[in-house]
Asks: 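Please read through the structure below; I'll follow up with questions.
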Amino acid sequence: SSTSEQIKWAAEQGLDATVFEQTLHSEATMFATQNARDATIAYDIRVTPSIVVDGRYLTTAAMIGNASRVSQVLDRLLELASAARRGGLP
């Protein structure tokens with residue numbers, strides 16, 4: 001969608017259109033957007049949602065299989081990442 005459509009939508013949601021537009025075009029937003037693009041390429045992300053934990057473990061909704069397991073899977077990936085940082089795993 002165009003920028004004007006995004007601003008219109010934001011205003012319809014009760015946001016200050018001027019502040020929204022300034023934020024949309026801010027250096028911080030541009031930086032975050034570029035970082036997201038770079039991560040998408042670096043992790044070869046092909047579907048959304050995708051979650052990368054500690055730069056090591058990638059999972060997707062399809063890999064998890066069902067929404068009720070998301071927390072369980074993420075907890076396990078966080079445990080693995082923590083252990084790896086302590087030298088407990090390769």
Side-chain angles (χ1 to χ4, degrees):
S1 68
S2 71
T3 299
S4 61
E5 289 171 334
Q6 292 173 337
I7 294 166
K8 180 182 173 192
W9 176 87
E12 289 169 354
Q13 306 311 307
L15 299 174
D16 181 310
T18 302
V19 172
F20 179 83
E21 184 174 16
Q22 290 171 346
T23 303
L24 184 66
H25 297 294
S26 72
E27 188 172 320
T29 299
M30 299 296 181
F31 181 75
T33 301
Q34 188 59 52
N35 279 347
R37 286 182 183 141
D38 293 346
T40 298
I41 293 166
Y43 295 111
D44 195 28
I45 293 174
R46 297 174 187 264
V47 299
T48 58
S50 294
I51 300 171
V52 178
V53 176
D54 200 33
R56 293 176 167 253
Y57 306 103
L58 168 71
T59 193
T60 67
M63 292 168 75
I64 293 172
N66 106 31
S68 67
R69 295 189 58 232
V70 170
S71 292
Q72 177 185 3
V73 169
L74 291 179
D75 285 346
R76 180 64 182 140
L77 293 177
L78 289 168
E79 289 171 7
L80 290 171
S82 180
R85 284 182 172 236
R86 289 190 311 271
L89 292 174

Asks: Could you please spell out the steps behind the side chain to side chain contact (heavy atoms under 4.5 Å, CB included) verdict for Gln6 and Glu21?
Replies: CA-CA 9 Å; Gln6 292 173 337; Glu21 184 174 16; over 6 Å; no
Asks: Between the side chains of Ser82 and Arg86, does any donor sit under 3.5 Å from an acceptor?
Replies: yes
Asks: Report whether Met63 and Leu80 are members of the same hydrophobic cluster (ILVMFWY, side-chain heavy atoms less than 4.5 Å apart, transitive linking).
Replies: no
Asks: Could you please spell out the steps behind the side chain to side chain contact (heavy atoms under 4.5 Å, CB included) verdict for Thr59 and Val70?
Replies: CA-CA 10 Å; Thr59 193; Val70 170; over 6 Å; no
Asks: Nearest 0.5 Å, what's the CD1-CG distance between Ile51 and Leu77?
Replies: 8.5 Å
Asks: What's the separation between atom CZ in Arg56 and atom CZ in Arg85, rounded to the nearest 0.5 Å?
Replies: 8.0 Å
Asks: As a quick check of understanding, evaluate side chain to side chain donor-acceptor pair (under 3.5 Å) for Thr48 and Ser50, giving each step before the final call.
Replies: CA-CA 5 Å; Thr48 58; Ser50 294; over 6 Å; no
Asks: Any chance CD of Glu27 has more than 12 other-residue heavy atoms, nucleotides or ligands included, within less than 6.0 Å?
Replies: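 It does not: Glu27 CD has 12 such atoms or fewer within range.
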Asks: For a quick check under 3.5 Å, do Thr29 and Ser26 share a side-chain donor-acceptor pair by atom type?
Replies: yes
Asks: Is there side-chain contact between Tyr57 and Val52, with heavy atoms separated by less than 4.5 Å?
Replies: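 The answer is no; the side chains never approach within 4.5 Å.
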Asks: Atom CG in Asp16, atom CD in Gln22: separation rounded to 0.5 Å?
Replies: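 Those atoms lie 8.0 Å apart.
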Asks: So which heavy atom on Leu58 is nearest to which on Tyr43, and how close?
Replies: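 That would be CD2-O, 3.9 Å.
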Asks: Working to the nearest 0.5 Å, report the span between OG1 of Thr60 and CD1 of Ile45.
Replies: 10.0 Å
Asks: Is there a side-chain contact between Val73 and Asp75, using heavy atoms and a 4.5 Å cut-off?
Replies: no
Asks: Rounded to the nearest 0.5 Å, what separates atom CG in Leu24 from atom CD1 in Ile7?
Replies: 6.5 Å
Asks: Salt bridge or not between Glu5 and Lys8? Use side-chain N to carboxylate O under 4.0 Å.
Replies: no
Asks: Would a 4.5 Å heavy-atom cut-off, applied to side chains only, mark Thr3 and His25 as touching?
Replies: yes
Asks: Stepwise, does the side chain to side chain contact (heavy atoms under 4.5 Å, CB included) test hold for Asn66 with Arg69?
Replies: CA-CA 6 Å; Asn66 106 31; Arg69 295 189 58 232; 4.1 Å; yes
